[in-house]
Amino acid sequence: MSKSRWSPFPQIASSEITPESVWLNRRNLMKAAAAGAGLVAAGEAMADSSVPQALDFVSAPDGSAYKAKEDLTPYEAATTYNNFYEFGTDKSDPARFAAAMTTDPWEIKVGGLVKKPGKLHLEDILGGFDLEERIYRFRCVEAWSMVVPWIGFPLSELLDRFEPDTGGKFVEFKTLYRRSEMRGTRSFTSIIDWPYREGLRMDEAMNPLTLMTVGLYGKTLPNQSGAPLRLIVPWKYGFKNIKSIVEINVTDRQPKTSWQELAPQEYGFYANVNPEVSHPRWSQAYERRLPSSLFNPSRVKTQMFNGYGELVAGMYKGMDLARYY
Ligand SMILES: Nc1nc2c(c(=O)[nH]1)N[C@H]1C(S)=C(S)[C@@H](COP(=O)(O)O)O[C@H]1N2
Ligand SMILES: [Mo]
């Protein structure tokens with residue numbers, strides 16, 4: 001695979017993406033850090049790249065499946081109750097510890113069965129695609145859920161630029177694995193064989209619902225939500241929605257995924273939301289809509305394919321969904 005900085009996108013300056021003042025300020029911090037202006041400056045520069053920045057985007061059309069008509073989960077709840085095991089297994093760990101992750105610069109390697117393997121830089125991504133806001137339901141396999149205004153672009157647009165071969169049947173994703181910045185990966189109780197990995201079948205990857213996501217609530221993703229780039233596949237359980245992606249490969253075999261490897265009898269490759277197929281240890285018929293509490297559990301019925309059946313059920317025609325869970 002090519003090691004050059006070849007990129008399929010016209011170079012667009014970061015200054016066109018973030019407000020000039022913010023960008024200049026960040027650059028200056030970085031420069032100060034690079035010049036060895038002291039440990040404080042370096043620390044500030046890092047912290048600064050984890051502060052969400054405003055994004056330019058268009059809203060998904062009203063009345064479309066891309067715009068759920070439900071109450072949004074408050075930003076606070078969506079960004080303090082998280083799963084990101086690289087930073088610990090407690091729901092509050094990502095918000096507490098993910099700021100340690102450096103997300104600028106960021107590089108994503110795209111390869112495998114494609115005609116034009118290469119790399120993307122964060123600037124290419126923020127400047128090279130039209131961003132759209134999509135309001136999606138999100139359902140974790142642990143039976144909690146939320147409704148979030150994500151900002152991103154269809155994964156198909158990214159894949160198309162690298163020209164997948166006709167023999168490419170699946171897409172594999174990998175998360176950054178950087179022990180020095182990810183305290184959860186250094187923990188003795190860590191159970192995952194890092195890096196965190198996920199995968200989709202090619203038709204699922206190309207489905208227009210499948211979103212490469214760079215933001216939420218009008219701004220870039222905070223680190224705990226998977227900055228700078230994560231996958232959102234709204235008809236599948238939360239663990240398919242891999243965070244902080246650094247590698248994407250087109251493959252001819254079904255890729256091994258982290259949760260499937262860990263507990264294959266509990267977590268399958270497909271992981272389609274399905275109220276009729278229970279997890280071995282709990283029912284999937286209902287979910288707790290965040291924010292929920294003991295006194296206000298906000299219990300709602302779980303929908304088949306998380307309510308996106310009209311757009312996705314056709315892909316699974318004839319498949320036994322109890323077997324391919
Ligand atoms: N790299 C990585 N991605 C991940 C996870 C993780 O631990 N590591 N957890 C997954 C799980 S189980 C869920 S429910 C969602 C949670 O996304 P959220 O924190 O934005 O709600 O991220 C998914 N993506
Ligand atoms: Mo999850």
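When a ligand or atom number is given, it counts from 1 through the structure's own listing order. All figures in this text were calculated on a predicted structure; none of them were measured in a lab. Side-chain atoms are counted along with the backbone in the values below, which use heavy atoms only and exclude waters and symmetry mates.
- No side-chain donor-acceptor contact under 3.5 Å links R230 to the backbone of L221.
- Within the 4.0 Å heavy-atom cutoff, F138 counts among the residues contacting ligand 1.
- The nearest heavy-atom contact from the protein to atom 9 (N) of ligand 1 is N83 O, 3.3 Å.
- Contact check on E107 versus K119 returns a salt bridge, with a Lys/Arg side-chain nitrogen under 4.0 Å from an Asp/Glu carboxylate oxygen.
- Those atoms of ligand 1 that come under 4.0 Å of a heavy atom in T175, given as number and element, are 1 (N).
- The closest approach between W144 and ligand 1 falls below 4.0 Å for a heavy atom of the residue.
- At a 3.5 angstrom cut-off on N or O pairs, E86 counts as close to ligand 1.
- Atom 18 (P) of ligand 1 has its closest protein heavy atom at K243 NZ, 3.4 Å.
- Counting heavy atoms closer than 4.0 Å to ligand 1, residue M146 contributes side-chain atoms (C-beta onward) but none from N, CA, C or O.
- Inclusion of Y85 in the set of residues having an N or O under 3.5 Å from an N or O of ligand 1 is warranted.
- The side-chain hydrogen bond (donor to acceptor under 3.5 Å, both in side chains) test with N83 singles out one residue from E142, K243, Q224, and that residue is E142.
- For the pairing with R139, the side-chain contact (heavy atoms from CB on, under 4.5 Å) check across R289, Q303, Q284 returns one residue only, Q284.
- If you look at N82 next to ligand 1, the close heavy atoms, those under 4.0 Å, come from the backbone and the side chain alike.
- Nearest protein heavy-atom contact of atom 24 (N) of ligand 1 is N241 O, 3.0 Å.
- When each of N241, T210, N272 is checked for a side-chain hydrogen bond (donor to acceptor under 3.5 Å, both in side chains) with K236, only N272 meets the rule.
- If you look at Y196 next to ligand 1, the close heavy atoms, those under 4.0 Å, all belong to the side chain.
- The same ILVMFWY cluster, assembled from side-chain heavy atoms under 4.5 Å apart, contains both L321 and V233.
- Atoms of ligand 1 lying under 4.0 Å from any heavy atom of G238, numbered from 1 in the order shown and given with element: 10 (C), 11 (C), 13 (C), 14 (S), 15 (C), 22 (O), 23 (C).
- Within the structure, ligand 1 has R230 among the residues with a heavy atom less than 4.0 angstrom away.
- Within the cation-pi definition used here (under 6.0 Å to the ring centroid, within 45° of the axis), K240 qualifies as a partner of F269.
- Annotation for ligand 1: atoms under 4.0 Å from non-hydrogen atoms of C140 are 14 (S).
- Note: Y136 and Y308 have perpendicular aromatic rings, judged against thresholds of 30 and 60 degrees for the angle between ring planes.
- Look at K240 and you'll find every heavy atom at least 4.0 Å from all atoms of ligand 1.
- Side chain of W194 to main chain of T175: no donor-acceptor pair is present (N/O by atom type, distance under 3.5 Å, no hydrogens or angles).
- Checked against a 6.0 Å centroid threshold, the rings of W259 and Y267 count as neighbours.
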